[in-house]
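Down below is the structure, laid out as structure tokens.
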There are 2 protein chains.
Amino acid sequence: MELDDRKLKILKAIIANYMETGEPVGSRTISKYTDLNLSSATIRNEMADLEELGYIVQPYTSAGRIPTDAGYRLYVDKLMSDKDEEFAELKETRNELLERVDRLEEMLKQVARVLASNTQYATMITSPHYQDPKVKFVQLSQVDDDSMLAVIVVDGNVIKNKMINVHQELVNDEVLKLNILINTFLQGAALHDINIEMIETMKQQAGKYAGVLEGIFQGVIEAIHEAEELEIYTSGGTNFLKYPELSDATKATKLLEAFEDKKALNDLADDAINKADENNIQIYIGDESPVKSDDMQDLSVVTATYQLKEGAKGTIGIFGPKRMDYKKVVSTLKSLTEELDDIFSKKKE
Amino acid sequence: MELDDRKLKILKAIIANYMETGEPVGSRTISKYTDLNLSSATIRNEMADLEELGYIVQPYTSAGRIPTDAGYRLYVDKLMSDKDEEFAELKETRNELLERVDRLEEMLKQVARVLASNTQYATMITSPHYQDPKVKFVQLSQVDDDSMLAVIVVDGNVIKNKMINVHQELVNDEVLKLNILINTFLQGAALHDINIEMIETMKQQAGKYAGVLEGIFQGVIEAIHEAEELEIYTSGGTNFLKYPELSDATKATKLLEAFEDKKALNDLADDAINKADENNIQIYIGDESPVKSDDMQDLSVVTATYQLKEGAKGTIGIFGPKRMDYKKVVSTLKSLTEELDDIFSKKKE
DNA sequence: ATTAGCACTCAAATTAAATGAGTGCTAACA
DNA sequence: TGTTAGCACTCATTTAATTTGAGTGCTAAT
């Protein structure tokens, strides 16, 4: 059997309608919904074909049809003309975004929030992460009598502050010397460069201040890990409850808990970065998700990858019911990542 | 009518039972539940009295009884002998807590998480906040050709990193001078000390580097605000869904959304700090909450105030159904705040 | 190839009946 | 006088029966 143009049109209409209502859609509805004036009977015949082809199913005998995962997939791959407007909305997003973006963390949280409230789906965003980041420099200073502050700056301007308790007071001159020592060794160092040998050499040269170095190493290692690891921010989990097919108590609880499971989200983000297409967009429908849990069964996830100038990448994800408005989500994500790329490159100039 | 000892015992039994089951409790149940061997008929008589006194109600004619807010209040104030064990659990908590507490933020998040998973209620914790914090010192350093890093340390060791774009490169010596200038003026300054006059004087003395100062002022002001404002971390919102009386779709959505409303939580934290009793514990039952929203109607909130050595205070809150296990919650909170006070004072030594 | 018509199906909504936990009251008892 | 057994009554909840209506597949006519 052929999947001709008319069948495609009908399938598209079914999916579109189901997205709106969340209810199985019947032949009568479609016969009115489309522009190809056909009677419900004809539609019924076509629907029977589409069902045979595996794009739609009846949840029970003599109910309307709902799309299968394959149906959604076809929709996403072929039917979703992304040549649509939706750009007014984007401008809005942009302004909301730029309002007060001083810290990366705040900004990412805000992105997640804005995105969730715009789309009415659950959203996540990861911080950008770097491969094998290097120490840019370390700055040691005396805070008060018994504590020093080590500021460690790592690739991508990840900054780690580390308070260190010292039991002897250092005079200015000594702090200066220590600073020079530290930077001589550590500037440009990656994690694998920091070995016992290096540590020993430094300790020797630091003499009686060797103790201070301990704290610094600790801080450096933590800073590098932080730059490598990715923070994950989520927002709008409650939106799950807005979709009847997800909102019965047990299902909702599981979804919300899964959505708080940073580990799983992390896996998803990793997978998304690897698989993303040339548009940096990746769509998982139900089972397709790399997170193999029953909870994901009922969800679709659309991810986008954004990029800092220096090559560090992060992931944005939108979690919704399978009948989510893919077109809108994809276009929103596309413009958002463009925004972000823009902002990040501006920041550096 | 008198609220004699027997009535109290019965009331206590009713509340305890209702806490377990969440179902209205009848006379028969109580006649078995208590040690004062009475028949259900007698209990019924007593219950009628308790109802007249306003401590319990029937949700509908000829159902069992459930406690009123007044009933819970009495329970909390009088009946809740806190001379109970529950200390094994605490030790556990402690260990989980200490596992990896490098950054305050991480630690607070962890506290919220552990607490939520231990109690099965929703939890929040605020960062400690300071009154009128002062700048401890500022450290300026060159990161690369066109950016500088200002590290601003404020009372309570709140550290703010501020990247500043500079369009002229500074040599080491100049950075040093600038550092001295900045610290001369800003060390020990509170927000109200930073006025136009001061800024102007500094700018004059900085000469062609006046531009750099802009960024520093901005950073200083932000840092002070951050030290003053309180971050709020929440966890376990999904626990609401575990209690049937809270878990119908609309109610749950509202609760979860309210629980994400940082503004409201902030108000609550403020109120809690002011009202807390000598034990630093404060209990809000339903309407008593300072957050006047319908959603709070069905909740009770127990808060505890913890304290950093230097006088900065933070709030921990536990949100649950009115039938929450007050005894357990209060004792958990008490030991937790002790833990925290302990940890914080250790940190400083 | 399309469509009107009709008998048929079945989830969901509605109504009805059965169940049972719990009550208040009365009268008997220690 | 306080306590209790017994009984009629209430009403949310459960279960069963029914009605409703959207939607289907098939057939025969256009």
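Within every chain, numbering begins at 1; the chains are lettered A, B, ... in the order of the sequence lines, protein sequences first and strands thereafter.
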Consider the side chain of [X], meaning its heavy atoms from C-beta on, and name the nucleotide among [options] that approaches it most closely.
| X | options | result |
| --- | --- | --- |
| B:T61 | C:dT2, C:dA4, D:dC11 | D:dC11 |
| A:R65 | C:dG22, D:dG25, C:dC10 | D:dG25 |
| A:S39 | D:dT24, C:dG24, C:dA4 | C:dA4 |

In whole Å, what is the span from the [atom1] atom of [X] to the [atom2] atom of [N]?
| X | N | atom1 | atom2 | value |
| --- | --- | --- | --- | --- |
| A:L50 | D:dG25 | CG | P | 12 Å |
| A:E23 | C:dA11 | CD | C1' | 11 Å |
| B:E51 | C:dG24 | CD | P | 7 Å |
| B:I14 | C:dG22 | CD1 | P | 12 Å |
| A:N45 | C:dT2 | CG | P | 9 Å |
| A:I30 | C:dT3 | CD1 | P | 15 Å |
| B:Q58 | C:dA21 | CD | P | 16 Å |
| A:M47 | D:dG25 | CE | P | 9 Å |

Taking for each residue the nucleotide of DNA chain D with the nearest heavy atom, is it B:S40 or B:Y60 whose nucleotide lies nearer the 5' end?
B:S40
Any ion pair linking A:E245 and A:K322 (charged N to carboxylate O, less than 4.0 Å)?
no
Quick one: are B:N45 and B:D49 in side-chain contact, heavy atoms under 4.5 Å?
no
Would a 4.5 Å heavy-atom cut-off, applied to side chains only, mark B:R113 and B:S117 as touching?
no
Can you tell me if B:R6 touches the phosphate of D:dT3, counting only side-chain N or O atoms and a distance under 4.0 Å to OP1 or OP2?
yes
Is there a side-chain contact between A:S62 and the phosphate of C:dC8, meaning an N or O under 4.0 Å from OP1 or OP2?
no
Within the structure shown, what part of the strands sits under 4.0 Å from A:T42 by heavy-atom distance: base, sugar-phosphate, or nothing?
base
Just to verify, which of B:Y326, B:Y243, B:F240, B:F259 counts as forming a ring-ring contact (aromatic ring centres under 6.0 Å, His included) with B:Y121?
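The single option meeting the ring-ring contact (aromatic ring centres under 6.0 Å, His included) with B:Y121 is B:Y243.
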Does A:R44 make a side-chain donor-acceptor contact with the base of D:dG25, cut-off 3.5 Å?
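Pair found.
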Rounded at 0.5 Å granularity, tell me how far CD in B:Q120 sits from CE in B:M324.
13.0 Å
